[in-house]
Amino acid sequence: MRSIVARILATCLLGGTTMAHAGSQLYEPLAASVQAALHAAVADQAPLDPSFERSPERARWLAEMSHRLTKRIPDETYRSELLRAIHYEATRAGLDPQLVLGLIQVESGFKKYALSTAGARGYMQVMPFWVKLIGNQESNLFHMRTNLRFGCTILRHYLDIERGDLFRALGRYNGSLGRPEYPNMVRAAWEHNWAYPSFRLAQSP
């Protein structure tokens with residue numbers, strides 16, 4: 001088993017290769033208060049944080065991540081828009097943007113219209129039942145910010161359920177709770193491809 005996982009990780013980490021290992025979040029009834037809080041979280045349509053224009057450090061982050069993502073998304077304008085949205089939605093949900101980049105790499109290979117056999121959609125492979133639970137009829141999971149907003153909100157929800165245990169939260173996100181393969185792949189993608197000192201961002205003006 002270990003050799004199989006190692007081969008998957010090695011393939012997943014090749015610079016020019018994108019592999020999707022999407023699972024599916026499992027439907028679980030939500031308490032009314034939790035459902036209301038999650039609905040409010042995904043409904044907020046605040047504009048993207050303009051701090052990239054104000055902060056040299058955030059601009060450096062954007063340039064560095066853009067360089068790393070070039071092979072997967074050649075269009076510079078679209079690549080920049082995606083990275084800004086990832087940073088905003090991840091930070092808004094209290095997540096490390098590099099973690100979210102690693103998750104997207106593993107889940108969809110940065111394919112906007114990725115669709116799994118289970119029906120999970122978009123960059124972060126969000127299951128459609130979440131739209132009924134916490135979204136509305138206008139929620140399009142193939143829309144960039146909608147997909148990122150739902151995905152980051154859901155991962156934050158799972159982290160809260162698991163009291164900060166990222167291994168278990170990632171397992172819930174992928175529908176593989178308790179199994180190591182998926183959390184290990186996300187962590188490997190995060191650490192090997194998207195690592196960036198978070199304290200540098202924290203010190204941004």
> Taking it one step at a time, do L82 and Y123 satisfy side-chain contact (heavy atoms from CB on, under 4.5 Å)?
Replying inline: CA-CA 10 Å; L82 174 62; Y123 290 116; 3.8 Å; yes
> What residue among R60, R68, H67 forms side-chain hydrogen bond (donor to acceptor under 3.5 Å, both in side chains) with E64?
Replying inline: R68
Indicate, with yes or no, if [Y] and [X] share a hydrophobic cluster defined by side-chain heavy-atom contacts under 4.5 Å among Ile, Leu, Val, Met, Phe, Trp and Tyr.
X    : Y    : value
M185 : F167 : no
V100 : Y78  : yes
I134 : L26  : no
M144 : L115 : no
L177 : L103 : no

Any [X] side-chain heavy atom under 4.5 Å of [Y] side chain:
X    : Y    : result
L155 : L170 : yes
F129 : K132 : no
E107 : N174 : yes
P97  : T91  : yes
R79  : M65  : no
L159 : D165 : no
D160 : V34  : no

> Would V126 and R121 count as a side-chain contact (heavy atoms from CB on, under 4.5 Å) if you check the C-alpha gap in whole Å, the side-chain angles of each, and the deciding distance to 0.1 Å?
Replying inline: CA-CA 5 Å; V126 178; R121 300 178 180 183; 5.8 Å; no
> Considering all heavy atoms of both residues, which atom of L141 and which atom of N147 are nearest to each other, and what is their separation?
Replying inline: O-ND2, 2.8 Å
> Step by step, would you call I154 with L38 a side-chain contact (heavy atoms from CB on, under 4.5 Å)?
Replying inline: CA-CA 8 Å; I154 292 163; L38 293 177; over 6 Å; no
Could you tell me whether the side chains of [X] and [Y] share a donor-acceptor contact shorter than 3.5 Å?
X    : Y    : value
R149 : T153 : no
W61  : Q98  : yes
H157 : R172 : no
Q105 : W194 : yes

For the [atom1] atom of [X] and the [atom2] atom of [Y], what is their distance to the nearest 0.5 Å?
X    : Y    : atom1 : atom2 : answer
L148 : Y88  : CG    : OH    : 12.0 Å
L83  : E81  : CG    : CD    : 10.5 Å
I86  : I104 : CD1   : CD1   : 3.5 Å
E191 : N193 : CD    : CG    : 11.0 Å
S108 : Q125 : OG    : CD    : 6.0 Å
T146 : E138 : OG1   : CD    : 10.0 Å

Polar side-chain atom of [X] near backbone of [Y] as donor-acceptor pair, under 3.5 Å:
X    : Y    : answer
R92  : A41  : yes
S139 : N136 : yes
S176 : R179 : no

>> Between M124 and C152, is the side-chain contact (heavy atoms from CB on, under 4.5 Å) condition met? List the steps.
In response: CA-CA 8 Å; M124 296 188 72; C152 289; 4.1 Å; yes
> With a 6.0 Å cut-off on ring centres, are W130 and Y173 close enough?
Replying inline: no
> With a cut-off of 6.0 Å (strictly less than), are more than 12 heavy atoms of other residues, nucleotides or ligands near CD of E76?
Replying inline: no
